[in-house]
Every structure is written in structure tokens, then in C-alpha cells.
Amino acid sequence: MTMKLDFRWHLREIMANRGMFSTTDLRPLLAERGVNLSVSQVYRLVTEKPERLNMKVLLALLDILGCGMEQLIEPIPLTAAAKPRRTAAAAGGGENDEPPAGMGSFRPKPARITE
């Protein structure tokens with residue numbers, strides 16, 4: 001039996017590690033490399049896992065981020081990908097729980113509301 005594979009898309013995390021915290025930061029950099037995407041296409045590219053990806057877009061992303069394909073796309077067995085994600089609230093918030101995927105160690109600062 002052959003193993004079925006899925007993948008994890010790490011674009012948002014890599015962008016955050018490079019100091020790019022907004023999807024609008026990516027659009028002009030893609031345009032410089034001849035990849036013209038709409039605002040909504042760039043947003044979906046960053047926030048969702050793509051099902052189909054143009055090779056020119058992939059190569060432009062690798063060039064912009066200065067990373068390899070193995071950093072951007074992580075192959076995983078389908079069984080691991082199909083498992084429902086546990087949140088800290090659902091898991092009881094134990095100390096040994098893994099942090100949620102996404103921005104890595106980058107977290108927004110809590111807002112201060114003053115009168």
C-alpha cells in the first residue's frame with residue numbers, strides 16, 4: 001500500500017519571521033518578479049493552503065523569502081493531516097500542549113485601553 005501525502009503550507013510563518021506581517025507587503029514584491037495577483041489572490045495565497053500553485057508564483061515566493069521549497073512546503077502523511085487540531089481550550093490548556101501553528105513565536109501585543 002502506498003502512503004498518501006498531504007502538506008503543510010508555511011508561507012505565513014516564514015513571512016512573519018522575515019518581518020512581513022501583512023499580506024499587502026507581498027504583492028509589490030511579486031509584481032517586481034512579473035507575478036501580478038489581485039489583493040484577494042495574495043490574501044488567499046498567504047492565509048490558505050493552495051491546492052494548485054503556478055510554478056512562477058512558487059519560484060517568486062522562494063526568491064522573495066530567501067528560503068527553500070522544503071521550508072515552505074512540508075510533506076506529511078495524510079493520516080496526520082486528517083486529525084482534527086486540538087486547541088488549548090479544548091485540550092484543557094495543559095503545559096505540555098504544543099503551541100498552535102501559525103505565526104510561531106510572534107504574537108500580537110495586547111491592546112491597552114485607556115480613558
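- A search for salt bridge (Lys or Arg N to Asp or Glu O under 4.0 Å) contacts involving Asp63 returns Arg33, not counting sequence neighbours.
- Not counting sequence neighbours, Glu32 has no partner by the side-chain hydrogen bond (donor to acceptor under 3.5 Å, both in side chains) test.
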Side-chain polar contacts of residues 23-30 - donor-acceptor pairs under 3.5 angstrom, sequence neighbours left out - could you list them?
from	atom 1	to	atom 2	distance (Å)
Thr24	OG1	Ser22	OG	2.8
Asp25	OD2	Ser22	N	3.4
Arg27	NE	Leu37	O	2.7
Arg27	NH2	Leu37	O	3.4

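- Met55 and Phe7 end up in the same hydrophobic cluster when Ile, Leu, Val, Met, Phe, Trp and Tyr side chains are linked at under 4.5 Å.
- Residues passing the side-chain hydrogen bond (donor to acceptor under 3.5 Å, both in side chains) test with Ser40, sequence neighbours excluded: Ser38.
- One N or O on the side chain of Gln71 and one on the backbone of Gly68 form a donor-acceptor pair closer than 3.5 Å.
- Without hydrogens or angle criteria, Arg12 side chain to Val46 main chain gives no donor-acceptor distance under 3.5 Å.
- Linking Ile, Leu, Val, Met, Phe, Trp and Tyr whenever their side-chain heavy atoms come within less than 4.5 Å leaves Tyr43 and Met15 in two separate clusters.
- Residue Leu11 holds its CG atom at 6.0 Å from CG of Leu65, rounded to the nearest 0.5 Å.
- Side-chain contact between Leu62 and Cys67: present, with at least one pair of heavy atoms (C-beta onward) separated by less than 4.5 Å.
- For Leu53, the side-chain contact (heavy atoms from CB on, under 4.5 Å) criterion is met by Trp9, Leu45, Val57, Leu58, not counting sequence neighbours.
- The minimum heavy-atom distance linking Asn36 with Ala31 is given by the pair OD1-CB, 3.7 Å.
- Here the side chains of Leu5 and Leu78 are not in contact, with every heavy-atom distance at 4.5 Å or above.
- Residues Asp6 and Lys49 meet the side-chain proximity criterion, which asks for heavy atoms closer than 4.5 Å.
- Applying the salt bridge (Lys or Arg N to Asp or Glu O under 4.0 Å) rule to Glu74 yields the partners Arg8; only residues at least two apart in sequence or on another chain are considered.
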